[in-house]
Amino acid sequence: MAMKRVAASAFNALAVAANSSSASASSFFSRHLHASPGPKKIVGVFYKANEYAAMNPNFVGCVEGALGIREWLESKGHQYIVTDDKEGPNCELEKLIPELNVLITTPFHPAYVTKDRIKRAKNLELLLTAGIGSDHVDLKAAAEAGLTVAEVTGSNTVSVAEDQLMRILILVRNFVAGYNQVVNGEWNVAAIAYRAYDLEGKTVGTVGAGRIGKLLLQRLKPFNCKLLYHDRIKMDPELESKIGATYEEDLDKMLPKCDIIVLNMPLTEKTRGLFNKEKIAKMKKGVLIVNNARGAIMDTQAVVDACESGHIGGYGGDVWNPQPAPKDHPWRHMPHHAMTPHISGTTIDGQLRYAAGTKDMLDRYFKGEDFPAQNYIVKEGELAPQYR
């Protein structure tokens with residue numbers, strides 16, 4: 001059953017890719033038509049927890065925890081290999097690429113699935129993101145190859161929205177400067193208070209109002225802020241009224257109205273580098289920015305320059321370009337930042353949700369059943385709307 005669905009997917013993708021050469025189409029056809037319905041080779045790429053793995057039995061999002069699905073997979077006769085080694089020509093992932101059937105990755109320790117890797121993964125059928133955000137995959141190449149790409153939609157909504165609210169408060173209250181004083185044995189109230197404010201009465205705008213953006217707006221309502229949102233889709237009028245948010249169709253007109261801007265959009269060809277020097281210049285002087293979406297949505301140097309000039313009053317988030325961030329990444333050293341490694345969506349609660357969602361999709365895959373519709377990023381040669 002699963003193989004019938006894979007074959008059907010191959011035919012549909014072939015129709016979409018009508019402009020491809022007959023030779024590549026022939027290769028594509030044979031790649032999927034001869035897939036075996038038997039045991040699968042499944043590879044998971046996660047961050048390594050080392051000594052921290054044993055400190056919490058629910059720490060499943062690491063190499064050692066392996067999403068908590070090893071026993072289940074092996075009981076069904078499948079081979080399950082996990083690694084954190086994903087970079088360079090001699091890494092473990094490169095050695096596994098030619099034989100794997102399923103690759104599970106995460107946004108927190110992304111294995112970049114390039115066109116070249118897809119081409120060499122002759123047996124690959126399914127790419128799963130344990131979490132949200134599949135921009136580490138070359139989605140066009142995956143679609144052309146007839147692969148299915150899916151993620152655990154909704155698994156990180158609460159985790160990320162809470163983190164965004166936390167970072168807003170950290171920036172508004174100038175918390176990091178006060179914390180650093182305590183750590184360094186200092187005491188200078190004035191050096192903190194001159195740029196510390198209340199959140200109440202401020203205008204907060206979210207660029208993107210999907211699951212996370214909507215929940216953030218709901219969490220902000222009790223703070224008595226003016227709430228704005230920009231999105232390709234206007235939310236339901238009843239929900240909009242309940243939240244008390246105002247739709248801004250024109251992003252450039254929304255930006256100068258905001259004291260605080262939060263990014264809640266996927267990384268696509270259209271959004272990559274969207275917030276460049278010119279876009280940042282449209283913002284209010286002293287604006288606070290929270291970005292838990294993707295680092296590459298921002299122009300890295302433009303953010304540094306604006307923080308140094310004071311045009312950006314504070315920048316917080318947990319996403320970088322690239323990831324992991326190198327030691328000399330300029331965001332580590334720019335003034336008034338509240339940056340951390342990519343952690344917001346990988347709380348223990350979040351890990352349990354995306355581990356359960358990954359297991360559910362694997363189970364459906366083995367049975368030849370469809371995934372929940374909202375989980376698909378690439379299906380039958382078509383990209384999800386937010387990635388087009």
Side-chain angles (χ1 to χ4, degrees), residues 160 163-184 186 188-199 201-208 213 216 220 225 228 230 251-265 267 271-344:
V160 176
D163 189 279
Q164 290 175 339
L165 179 56
M166 174 190 73
R167 289 179 203 266
I168 289 171
L169 289 167
I170 283 172
L171 291 173
V172 168
R173 290 302 184 94
N174 200 21
F175 175 84
V176 174
Y179 173 80
N180 287 335
Q181 280 193 21
V182 171
V183 171
N184 296 328
E186 302 168 358
N188 187 343
V189 173
I192 305 163
Y194 86 102
R195 53 184 298 122
Y197 298 87
D198 295 340
L199 179 54
K202 303 301 183 290
T203 298
V204 184
T206 175
V207 185
L216 174 65
L220 284 167
C225 301
L228 308 177
H230 169 80
L251 175 60
D252 287 345
K253 290 183 179 179
M254 184 184 86
L255 295 179
K257 298 176 184 178
C258 298
D259 301 299
I260 301 158
I261 294 169
V262 185
L263 302 189
N264 277 305
M265 59 175 64
L267 177 62
T271 64
R272 184 178 296 275
L274 175 64
F275 286 89
N276 54 20
K277 180 180 179 180
E278 292 72 28
K279 192 71 76 176
I280 291 171
K282 296 179 186 294
M283 300 177 188
K284 184 182 294 188
K285 182 174 174 58
V287 66
L288 304 178
I289 300 175
V290 172
N291 179 13
N292 288 57
R294 287 295 182 266
I297 293 172
M298 308 297 297
D299 179 317
T300 299
Q301 191 58 47
V303 171
V304 175
D305 293 343
C307 284
E308 290 178 345
S309 73
H311 192 81
I312 293 178
Y315 185 91
D318 68 336
V319 287
W320 306 69
N321 182 33
Q323 286 188 188
K327 290 183 178 181
D328 62 350
H329 195 292
W331 286 1
R332 291 181 183 267
H333 311 292
M334 63 188 182
H336 310 303
H337 79 76
M339 294 296 296
T340 66
H342 194 171
I343 57 170
S344 60

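Quick note: numbers below take in every heavy atom, side chains included, and nothing from hydrogens, waters or symmetry partners. Nothing here was measured: the structure is a model prediction, and the numbers come from that model.
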Chemist: What's the spacing between I261 CD1 and L251 CG if we round to 0.5 Å?
Modeler: 8.0 Å
Chemist: Checking N264 now: which residues fulfil side chain to side chain donor-acceptor pair (under 3.5 Å) with it, not counting sequence neighbours?
Modeler: Q164, T206
Chemist: For the residue pair R167 and T340, establish whether any side-chain heavy-atom pair is separated by less than 4.5 Å.
Modeler: yes
Chemist: List the atom of K327, the atom of H333, and the distance in Å for their closest heavy-atom pair.
Modeler: O-NE2, 3.7 Å
Chemist: Using atom types as modelled and distance alone, determine if a side-chain donor or acceptor of H311 lies under 3.5 Å from a backbone N or O of I280.
Modeler: yes
Chemist: With F175, which residues qualify under side-chain contact (heavy atoms from CB on, under 4.5 Å), at least two apart?
Modeler: I170, Y179
Chemist: Could you check if a side-chain atom of N291 sits within less than 4.5 angstrom of a side-chain atom of F275, using non-hydrogen atoms only?
Modeler: no
Chemist: Ring pair (Phe, Tyr, Trp, His ring centres under 6.0 Å) with H230: which residues, sequence neighbours excluded?
Modeler: none
Chemist: Applying salt bridge (Lys or Arg N to Asp or Glu O under 4.0 Å), name anything that partners D328, two or more places apart in sequence or on another chain.
Modeler: none
Chemist: Would you say the side chain of M298 lies within less than 4.5 Å of the side chain of L263, judging by non-hydrogen atoms?
Modeler: yes
Chemist: Would you please name every residue forming a side-chain contact (heavy atoms from CB on, under 4.5 Å) with P335, sequence neighbours left out?
Modeler: C307, E308
Chemist: Show me the pairs that pass salt bridge (charged side-chain N to carboxylate O under 4.0 Å, His left out) and involve residues 290-303, at least two apart or across chains.
Modeler: D135-R294
Chemist: Students often mix this up, so state it plainly: with edges at 30° and 60°, are the rings of W320 and H329 parallel, tilted or perpendicular?
Modeler: perpendicular
Chemist: Might you work through the side-chain contact (heavy atoms from CB on, under 4.5 Å) test for H337 and V303, ending with a clear yes or no?
Modeler: CA-CA 10 Å; H337 79 76; V303 171; over 6 Å; no
Chemist: Can you find a heavy atom in the side chain of L199 that is under 4.5 Å from one in the side chain of I260?
Modeler: yes
Chemist: Among residues at least two apart in sequence or on other chains, which ones pass side-chain contact (heavy atoms from CB on, under 4.5 Å) with A191?
Modeler: Q181, N188
Chemist: Which heavy-atom pair separates L171 from A338 by the least distance, and what is that distance?
Modeler: CD2-CB, 3.9 Å
Chemist: Counting distance only, does the side-chain N/O of R195 pair as donor-acceptor with the main-chain N or O of H336 below 3.5 Å?
Modeler: no
Chemist: Under the rule for salt bridge (Lys or Arg N to Asp or Glu O under 4.0 Å), what residues qualify as partners of D252, not counting sequence neighbours?
Modeler: K279
Chemist: Residues two or more places apart in sequence or in another chain: which of them pass salt bridge (Lys or Arg N to Asp or Glu O under 4.0 Å) with K253?
Modeler: none
Chemist: I need the minimum non-hydrogen distance between D318 and P341, along with the two atoms involved.
Modeler: CB-O, 3.2 Å
Chemist: Under the side chain to side chain donor-acceptor pair (under 3.5 Å) test, which residues partner T300, sequence neighbours left out?
Modeler: none
Chemist: Is I168 close to L288 at the side-chain level, that is, under 4.5 Å between some pair of heavy atoms?
Modeler: no
Chemist: Heavy atoms, side chains only, cut-off 4.5 Å: are K202 and V172 in contact?
Modeler: no
Chemist: Step through the shown structure and confirm whether more than 12 heavy atoms of other residues, nucleotides or ligands are within 6.0 Å of CZ on R272.
Modeler: no
Chemist: Just verifying a value: how many Å separate M254 CE and L228 CG, rounded to the nearest 0.5 Å?
Modeler: 6.5 Å
Chemist: How would you list, by chain and number, every residue that makes a side-chain contact (heavy atoms from CB on, under 4.5 Å) with N184, sequence neighbours excluded?
Modeler: N180, E186
Chemist: Ignoring hydrogens, what is the shortest heavy-atom contact between A177 and I192? Give both atom names and the distance.
Modeler: C-CG1, 4.4 Å
Chemist: Only counting residues at least two apart or in another chain, list the ones meeting side chain to side chain donor-acceptor pair (under 3.5 Å) with K284.
Modeler: D259
Chemist: For A196 and R173, which heavy atoms make the closest approach, and how far apart are they?
Modeler: CB-O, 3.5 Å
Chemist: Minimum heavy-atom separation for N292 and G317, please, with both atom names.
Modeler: OD1-CA, 3.9 Å
